[in-house]
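Presented below is the structure to which this report refers.
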Amino acid sequence: MRNHFDVIIIGAGVIGSSIAFNLVKQGRSVLVLEKGRIASQSSSAAAGMLGAQTELENDSPLFRLARESRGMFPDLALELKDLTGIDIELYQNGMLKVARSEEEASEFQRFIALQQKLGEEASWIDPYELQQREPLLEKKLYGAMSIPNDGNVSAPNLTKALSAAAMTSGAEIKEFTEVSEFVTDGNGITGVITTTQEAYHADRVIVAGGAWSRRLLKDAGHELDTYPVKGECFSVKTEKPIVNATIFSKGCYIVPKSGGRLIIGATEKAHSFDQKVSLESIAAMMGRATELIPALNQAEWDDAWAGIRPQTKDGLPYLGVHPEINGLFIATGHYRNGILLAPITGKLMADLVEGIGMNKDWATAFRLERNVIGVEKQ
């Protein structure tokens with residue numbers, strides 16, 4: 001049995017799978033170890049929104065990272081379909097960020113002006129035009145920010161396609177294989193040991209375990225400032241499409257999918273690994289969603305679920321090489337943007353393995369030194 005690889009990746013979610021796919025394309029031998037099933041955690045629970053402009057309104061390194069990653073999806077969708085036959089269901093149907101008060105309307109119009117200065121497409125549509133475009137929306141809205149370039153994908157399909165493409169290209173993925181500790185040699189990591197005492201060795205180890213990354217790193221004596229955030233969603237089905245674009249408002253989003261399915265979410269409960277779905281949360285989301293689109297009262301119930309998202313204190317992901325431990329790389333803390341940021345994260349982390357650094361802004365913003373025990377904060 002082979003036990004030495006160029007790179008070991010811990011976690012076969014959308015981030016780990018994207019990194020694996022990019023690494024094997026660069027000729028690296030890759031082993032991915034997943035404690036459960038591929039796409040079994042937040043990667044399958046996400047609504048799949050590509051909301052580069054919807055959720056990140058102001059110019060920042062994270063906004064620029066998201067914008068570049070969003071632009072990678074059309075080519076990636078074709079590449080994955082060709083390699084695996086899996087359709088990631090990329091819908092570039094745009095988003096409408098609806099205003100429910102005059103204050104929100106003014107706020108969104110300021111965002112539009114800023115994004116237009118950044119070269120992004122965004123425009124304001126008044127209540128009359130909004131009703132023409134989405135006639136089943138409630139009539140009391142104050143207008144909406146129209147974002148034509150944001151869209152959505154099937155989060156489970158994207159993750160499965162990335163992992164399948166990685167395996168097709170030569171990566172090895174082991175499900176139900178949990179890493180318990182690192183193999184160390186002096187001031188570096190040279191491999192991992194699983195809970196069944198199997199040892200695997202590599203020149204590089206990448207921790208991409210989402211909300212579970214901190215626990216593994218902490219057990220090894222290395223701690224990042226991350227924490228889990230539980231998010232609950234539900235889905236319904238309608239006989240005919242009732243919205244065209246994704247509808248986004250404060251406290252609720254409604255994402256149209258294939259087959260008349262709509263995903264509605266999401267709650268935010270910090271510091272929780274509890275994946276149970278509460279009736280209180282679903283009832284509250286139902287109330288907000290049916291207020292936005294009254295026709296949802298006639299929809300057919302489909303499903304409800306919860307996912308655990310990895311958040312950081314400053315809201316920025318950790319992407320980089322550990323500053324003190326040779327061979328250790330970390331990619332975690334993507335929070336609500338894991339699906340959106342998966343393509344660019346895979347490329348950046350694969351480049352880091354090859355010794356290709358990020359641009360200065362990203363390297364500074366997402367550096368691990370922001371909070372690694374034993375490393376001075378900057």
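Since the model is a prediction, treat every value here as computed from it, not as a measurement.
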- Message: One pair to check against side chain to side chain contact (heavy atoms under 4.5 Å, CB included): E34 and S40. What are the steps and the verdict?
- Response: CA-CA 9 Å; E34 167 56 48; S40 60; 3.9 Å; yes
Given 3.5 Å as the limit, does a donor-acceptor pair link the side chain of [X] with the main chain of [Y], or not?
{"X": "R370", "Y": "L316", "value": "yes"}
{"X": "K257", "Y": "A47", "value": "yes"}
{"X": "T364", "Y": "D361", "value": "no"}
{"X": "Q131", "Y": "L137", "value": "yes"}
{"X": "D150", "Y": "T54", "value": "yes"}
{"X": "Q53", "Y": "E121", "value": "yes"}
{"X": "S213", "Y": "G210", "value": "yes"}

Please report the shortest heavy-atom distance between [X] and [Y], naming the atom on each side.
{"X": "T159", "Y": "A12", "answer": "CG2-O, 3.9 Å"}
{"X": "R309", "Y": "G231", "answer": "NH2-CA, 3.4 Å"}
{"X": "A122", "Y": "I112", "answer": "O-CG2, 3.6 Å"}
{"X": "L50", "Y": "R70", "answer": "O-CD, 4.1 Å"}

- Task: Please say whether the positively charged group of R204, taken as NZ for Lys or CZ for Arg, lies over the ring of F329, i.e. under 6.0 angstrom from the six-membered ring centre and within 45 degrees of the axis.
- Result: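 No, R204 does not sit over the ring of F329.
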- Message: Could you go through F73 and L158, starting from their C-alpha distance and side-chain angles, then the distance that decides it, and tell me whether this counts as side chain to side chain contact (heavy atoms under 4.5 Å, CB included)?
- Response: CA-CA 10 Å; F73 272 91; L158 174 64; 3.9 Å; yes
- Please report the C-alpha distance between R28 and E354 in whole Å, then the side-chain angles of each, then the deciding distance to 0.1 Å, and finally whether the side chain to side chain contact (heavy atoms under 4.5 Å, CB included) criterion is met. CA-CA 10 Å; R28 293 286 185 172; E354 298 299 323; 2.7 Å; yes
- Message: Would S235 and W305 count as a side chain to side chain contact (heavy atoms under 4.5 Å, CB included) here? Give the steps.
- Response: CA-CA 9 Å; S235 60; W305 63 91; 3.6 Å; yes
- Query: So with a 6.0 Å cut-off around CD of Q132, is the heavy-atom count from everything else above 12?
  - Reply: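 Yes, enclosed.
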- Message: As an exercise, state the distance from CD1 of I19 to CG of N22, rounded to the nearest 0.5 Å.
- Response: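 Those atoms lie 8.5 Å apart.
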- For L96, which of I147, I125, V243, L141 qualifies under side-chain contact (heavy atoms from CB on, under 4.5 Å)?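 Of I147, I125, V243, L141, side-chain contact (heavy atoms from CB on, under 4.5 Å) with L96 is met by I125 alone.
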- Item | Modelled atom types, side-chain donor and acceptor of S249 and R288, under 3.5 Å |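 No donor-acceptor contact under 3.5 Å links the two side chains.
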- Do S278 and E280 get their side chains close enough for a donor-acceptor pair, meaning under 3.5 Å?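 Side chains of S278 and E280: no pair found under 3.5 Å.
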- Task: If the plane angle is over 60° it's perpendicular, under 30° parallel, otherwise tilted; pick one for H4 and H201.
- Result: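 It falls in the parallel class, under 30°.
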- Query: Between F5 and Y200, how do the two ring planes meet: parallel, tilted or perpendicular, split at 30° and 60°?
  - Reply: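 Taking Y200 first and then F5, their aromatic rings sit tilted (interplane angle of 30° to 60°).
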- Item | ring-ring contact (aromatic ring centres under 6.0 Å, His included): pairs with one or both residues in residues 261-290, sequence neighbours excluded |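 Listed by first then second residue: W212-F273, Y227-H271.
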- Query: Salt bridge between K174 and E198, side-chain N to carboxylate O under 4.0 Å?
  - Reply: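 Here K174 does not pair with E198 in a salt bridge, since their nearest N and O are not under 4.0 Å apart.
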- ILVMFWY cluster, M49 and L340 together (side-chain gap under 4.5 Å):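 Per the 4.5 Å side-chain linkage, M49 and L340 are not co-clustered.
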